[in-house]
Amino acid sequence: MRQEITFNADEALCKVIQRWRNWLLRERLYSKYTVDAYSRDLAIFLRKSKADKALSLQDLEAFEVQDFRRFLSTRAAQYISKSSMGRELSAVRSFFKWMDVNGVLKNQAISVISSPRKAKILPKALDVDDAFKILDETQKAAKSEWLGLRDKAIFMLLYGCGLRISEAL
């Protein structure tokens, strides 16, 4: 069983958070697990932002770009993955957008913050031995000799030139 979520917030802000959670459940039709995850992400944000006192709506309205960036840098220093930080930021964005739309408060500073970029993973090249095995199997699996030679030539072109299939076509 999971721990109860506690927010570093005063009573008024806790009521607003509960309204947001109800909106996610009833209007957005998020599962209770998604709402739970978003709530935990928001709780982390509120706890890491200013831990010396319970935050109020006025504190959230006064947040600046540096406050949001400080939160992300704190999370990065804790070796939190970029995808997790992106999800946390998404939950915080959702909360601030909901408050803006519902007239609770307006803070445009969060709209300036972009999500952390994930590293692009390059495709791995096929091993030379595996490439030769594919060439041999391709020719053996063909219905006729000329189809086998054609397929072998196409694979040799793809592998030898480093082409994508769309480029070869």
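Since the structure is predicted, the reported quantities are computational estimates derived from the model, not experimental observations. These numbers come from the heavy atoms of this one structure, side chains and all, not from hydrogens, waters or symmetry mates.
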Should we count CZ of Arg28 as having more than 12 external heavy atoms under 6.0 Å?
-> no
Go through the steps for Ile134 and Glu137 under the test side-chain contact (heavy atoms from CB on, under 4.5 Å), then give the verdict.
-> CA-CA 5 Å; Ile134 288 174; Glu137 292 299 319; 5.9 Å; no
Evaluate whether atom CZ of Phe155 has more than 12 neighbouring non-hydrogen atoms of other residues, nucleotides or ligands under 6.0 angstrom away.
-> no
So Leu55 and Phe7, side-chain contact (heavy atoms from CB on, under 4.5 Å) or not? Walk me through it.
-> CA-CA 9 Å; Leu55 294 172; Phe7 298 97; over 6 Å; no
Point-to-point distance, once rounded to the nearest 0.5 Å, from CG of Leu13 to CD of Gln58 = 9.5 Å
Verify the cluster assignment for Val128 and Met156: are they in a single hydrophobic cluster under the rule of side-chain heavy atoms below 4.5 Å apart?
-> yes
For Glu11, look at atom CD and say whether over 12 heavy atoms of other residues, nucleotides or ligands are found less than 6.0 Å away.
-> no
Between Leu163 and Leu157, is any pair of side-chain heavy atoms under 4.5 Å apart?
-> yes
Evaluate the side-chain contact (heavy atoms from CB on, under 4.5 Å) criterion for residues Asp36 and Arg40: first the C-alpha distance (whole Å), next the side-chain angles of each, then the deciding distance (0.1 Å), finally the verdict.
-> CA-CA 6 Å; Asp36 186 52; Arg40 288 183 192 286; 3.2 Å; yes
Nearest heavy-atom approach of Trp20 to Ala91 is CZ2-O, 3.8 Å
Judged by atom type as modelled, is there a donor-acceptor pair below 3.5 Å linking the side chain of Asn8 to the main-chain atoms of Leu46?
-> yes
Linking I/L/V/M/F/W/Y whenever their side-chain heavy atoms sit closer than 4.5 Å, directly or via other members, would Val101 and Val35 fall into one cluster?
-> no
Within-4.5 Å side-chain heavy-atom neighbours: Leu149 and Gln139 | yes
Work out which heavy atom in Ala9 is nearest to a heavy atom in Cys14; give both atom names and the distance.
-> O-SG, 3.7 Å
Transitive ILVMFWY side-chain link Tyr33 to Leu29, under 4.5 Å = no
Phe45 and Phe63: CA distance, side-chain angles, deciding distance, ring-ring contact (aromatic ring centres under 6.0 Å, His included) verdict | CA-CA 12 Å; Phe45 171 75; Phe63 269 31; 5.7 Å; yes
Check whether any side-chain heavy atom of Ile110 sits under 4.5 Å from a side-chain heavy atom of Leu89, and report yes or no.
-> yes
State the CG-CD distance between Leu105 and Glu61, to the nearest 0.5 angstrom.
-> 5.0 Å
Separation between CD (Glu88) and OG (Ser115), nearest 0.5 Å, reads 11.5 Å
Interatomic distance, CG@Asp59 vs CG@Asn107, rounded to 0.5 Å, equals 11.5 Å
Does the distance from a Lys or Arg side-chain N to an Asp or Glu carboxylate O, for Lys97 and Asp100, drop under 4.0 Å?
-> no
Do you see a donor-acceptor pair shorter than 3.5 Å between the side chains of Arg69 and Gln66?
-> no
Run the numbers on Thr138 and Ile154 for side-chain contact (heavy atoms from CB on, under 4.5 Å), then give the verdict.
-> CA-CA 10 Å; Thr138 301; Ile154 290 172; over 6 Å; no
Note: Arg47 and Thr6 closest approach over all heavy atoms is NH1-O, 3.9 Å
More than 12 heavy atoms of other groups within 6.0 Å of Glu167 CD | yes
Distance (rounded to the nearest 0.5 Å) between Ile5 CD1 and Leu42 CG | 9.5 Å
When rounded to the nearest 0.5 angstrom, what distance separates CZ in Arg87 from CG in Asp41?
-> 4.0 Å
On the 0 to 90° scale, with breaks at 30° and 60°, tag the Phe96-Phe68 ring pair as parallel, tilted or perpendicular.
-> perpendicular
Taking atom CD1 of Ile165 as the centre, does the number of heavy atoms from other residues, nucleotides or ligands within less than 6.0 Å exceed 12?
-> no
Which pair of heavy atoms, one from Ser94 and one from Leu24, lies closest together, and at what distance?
-> OG-CD2, 4.3 Å
Do you know which two heavy atoms are closest between Ser39 and Arg21, and how far apart they sit?
-> OG-NH1, 3.1 Å
Heavy-atom side-chain proximity of Phe95 to Leu60 below 4.5 angstrom = yes
If you measure from the Lys or Arg side-chain nitrogens to the Asp or Glu carboxylate oxygens, is any gap between Lys133 and Asp129 under 4.0 Å?
-> no
Nearest heavy-atom neighbours spanning Leu57 and Met99 = CD2-SD, 4.2 Å
